[in-house]
2 protein chains.
Amino acid sequence: MGEDGTPSGRQERIAFMAEDAPRRQPTLDEVAELAGVSRSVASRALNNAPHVSRVKREAVERAVRRLGYVPNSTARALATRQTGAAALVVSGEDPSIFADPFFAQVIVGASAALEEADLHLMLCLAASDRGRKRVEELFRSKGADGVMLMALREDDPLARMAERATMPVVFGGRPVGSVPRWYVDVDNAGGAREATEYLISLGRTRVAALCGRLDTEAGRTRYRGYRDAMLAAGLDPFPPREGDFTESSGATAMAALLTERPDVDAVFAANDNMGVGALRALRGAGRRVPDDVAVVGFDDLAVAQVSDPPLTTVHQPIQALGREMARMLAALVNGQSPTALILPTRLVVRASA
Amino acid sequence: MGEDGTPSGRQERIAFMAEDAPRRQPTLDEVAELAGVSRSVASRALNNAPHVSRVKREAVERAVRRLGYVPNSTARALATRQTGAAALVVSGEDPSIFADPFFAQVIVGASAALEEADLHLMLCLAASDRGRKRVEELFRSKGADGVMLMALREDDPLARMAERATMPVVFGGRPVGSVPRWYVDVDNAGGAREATEYLISLGRTRVAALCGRLDTEAGRTRYRGYRDAMLAAGLDPFPPREGDFTESSGATAMAALLTERPDVDAVFAANDNMGVGALRALRGAGRRVPDDVAVVGFDDLAVAQVSDPPLTTVHQPIQALGREMARMLAALVNGQSPTALILPTRLVVRASA
DNA sequence: ATCCCAACTGGAAGCGCTCCCAGTTTTCGG
DNA sequence: CCGAAAACTGGGAGCGCTTCCAGTTGGGAT
């Protein structure tokens, strides 16, 4: 075997099959043979490319059905240089981040849009060193056709990887201090401004801001929106009071604020968690909400509806964020040139303000 | 070109590169050439296989570094017939299922364990026809090394696909009416029994069951656990009162129950959502919890802690479920033979019982 | 009847990697 | 110092698919 010019491996495999492996997946060669055409015609027929006569096309279809043929996606990927998959990469410390309702919603939106574009969704967490290394390999080994990148911190190593990447990268939210070519963001500044203006329209004049991490773009931009609105109304903005987007940091910041500025009559919190924390601190201090102090949050997650009192908050379209990231990436993969996108926010008035 | 025996495609490409595409990813051939070894030696060195001298191994490593070489994962996949990815497939009607806190936790657990095994996570939703078709193709086109399958209904088409699959499949929870070779489940019967026994130990004798969908294994098995405990205590089990695991179905079922059996003094709900619904219906009917009617749920999701009163419930280790599914799959992919696994549950006593 | 061009076909060269195997070099006991 | 075993090397055949391109065919224009 092999001496006669016939590839010995193939020989053996066929013999093997006939004996005891009837369920091996058929290959395109076999389809072509059964259909009585050449492999290239079969390929063209499958991808309904032109230059295939009606007769042969049907013969191929028949053979495909008879054999139960399904193209091997890996081989196809190697030949076309397209994997058919997109990765959603989330940067962060904690593996539980996927359980965060925010990301869960992003995943829902992205998953739906990718299905539409016939791309598979790979989920990658760049939390540990190991995770980051795997992501880097994904980037460099062309393991996906494109990447959606979220939750970058200042000087995030993922930012460098993204720059070097040879595949399209779409950012969810802008990374700190740079404006990538392709991203989808929420109108953080506008939302914060609207919330603050609303508080001012209620007649409040001593409106404070509880900020999120100021090493994130969202944290900074929301504070900036607040400040702009205050200045525009001729009021003195409070200095930023930084938290880290958690409930407890909101409570702490609020308590400190009450000590320093007992006259505060409204609070804009950088997100719902911090808003709920503020609510708790206010309750602890015996202040009534909204009578003594009005509170507005940001996000409109489920927690805003069940808090006591329910939280007035800036709604952001999180599923849409995921969806638009995925659509943008799909467009890039298909060679189109989408443009960056900023999604609108909307104030949802509940009892807390 | 091409006349001299040199592949013309390659020729062109190299010329092209030299001129204006300096950043093409290097291939193993180029690494080998730079290191002064043959391609196979370079390959062996990379996969640190035996039969490579120390000197050459180091030469290869140096070349890899100089060129910034990263193996192309698709080519490797084709040659090894391993994709390096595992899919988590969820059956269901609603795309939002990924936002369900239950699945979010499964994803967290699976993601961590797969990272450990150096497998990528693909997320697939088999909700629409399109989704199911994509999953079928994934199965048949060998787009992943293995599949984790969850939330199968009775006669779920995914079950047939799984049977035909040529790759390992691990089930999360048993599908209805069959016991697959590999699965990870939670001790639904034991948990339900423990919950019911606890209610009985409180002196309750008219303990009702609010069931989940009886076309799911969990729904059925939890009812069975309840019934067993009742019979063992010499009490009459209530007939199953079916809901669909949602809060509103729990409220509806509870209201109906109160009409038919106003003497009920305890309720075992098939999950927390239904338990919370029952709480609402009881409050509406003016019954005190737990004084008049004690309520126990199942799952121990966040909602159980914030309900009023906080819900006594059967805790199940959801992250562990995801983790163990992933580990089992990884073991199968590596040719080992793990055995099915049933995870323990634990009663968490809060104020509602 | 002749010519030309479009439509179509299929052989063969890749895609980038792994791994078998035949061949070569090194090592070492006798 | 020799021969055989051990260690190592590298050519080459795949993996299963796409796609280029040289070549064939059919039909309408001339």
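Note that the structure is a prediction, hence the values are computed from the model and not measured. Numbered from 1 within each chain, the chains take letters A, B, ... in sequence-line order.
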With B/Arg62 via salt bridge (Lys or Arg N to Asp or Glu O under 4.0 Å) - residues at least two apart: none
Closest to the side chain of A/Leu28, out of D/dC17, D/dC8, D/dC15, is D/dC17
Keeping to residues at least two apart or across chains, list the salt bridge (Lys or Arg N to Asp or Glu O under 4.0 Å) pairs with something in residues 117-129 of chain B. A/Arg130-B/Asp118, A/Arg134-B/Asp118, B/Asp129-B/Arg132
Would you say A/Asn334's side chain and A/Gln336's backbone share a donor-acceptor pair under 3.5 angstrom? no
Please report, rounded to the nearest Å, how far the P atom of D/dT18 is from the CG atom of A/Asp29. 11 Å
So if I take every side-chain heavy atom of A/Thr27 and compare against C/dT9, D/dC17, C/dC17, which nucleotide ends up nearest? D/dC17
Of all pairs that satisfy salt bridge (Lys or Arg N to Asp or Glu O under 4.0 Å), the ones with a partner from residues 35-58 of chain A, not counting sequence neighbours: A/Asp29-A/Arg39, A/Arg54-A/Glu58
Tell me, which of residues 57-72 of chain A have any heavy atom that sits under 4.0 Å from an atom in DNA chain C? none
Non-neighbouring partners of A/Ala35 that pass side chain to side chain contact (heavy atoms under 4.5 Å, CB included), sequence neighbours left out: A/Val37, A/Ala59, A/Val60, A/Ala63
Please tell me if A/Thr80 has a side-chain N or O lying less than 4.0 Å from either OP1 or OP2 of C/dC15. no
Taking only heavy atoms on the protein side, list every residue of residues 39-48 of chain A lying under 4.0 Å from any atom of DNA chain C, sorted numerically. A/Arg39, A/Ser40, A/Val41, A/Arg44
Please tell me if A/Lys56 has a side-chain N or O lying less than 4.0 Å from either OP1 or OP2 of C/dG10. yes
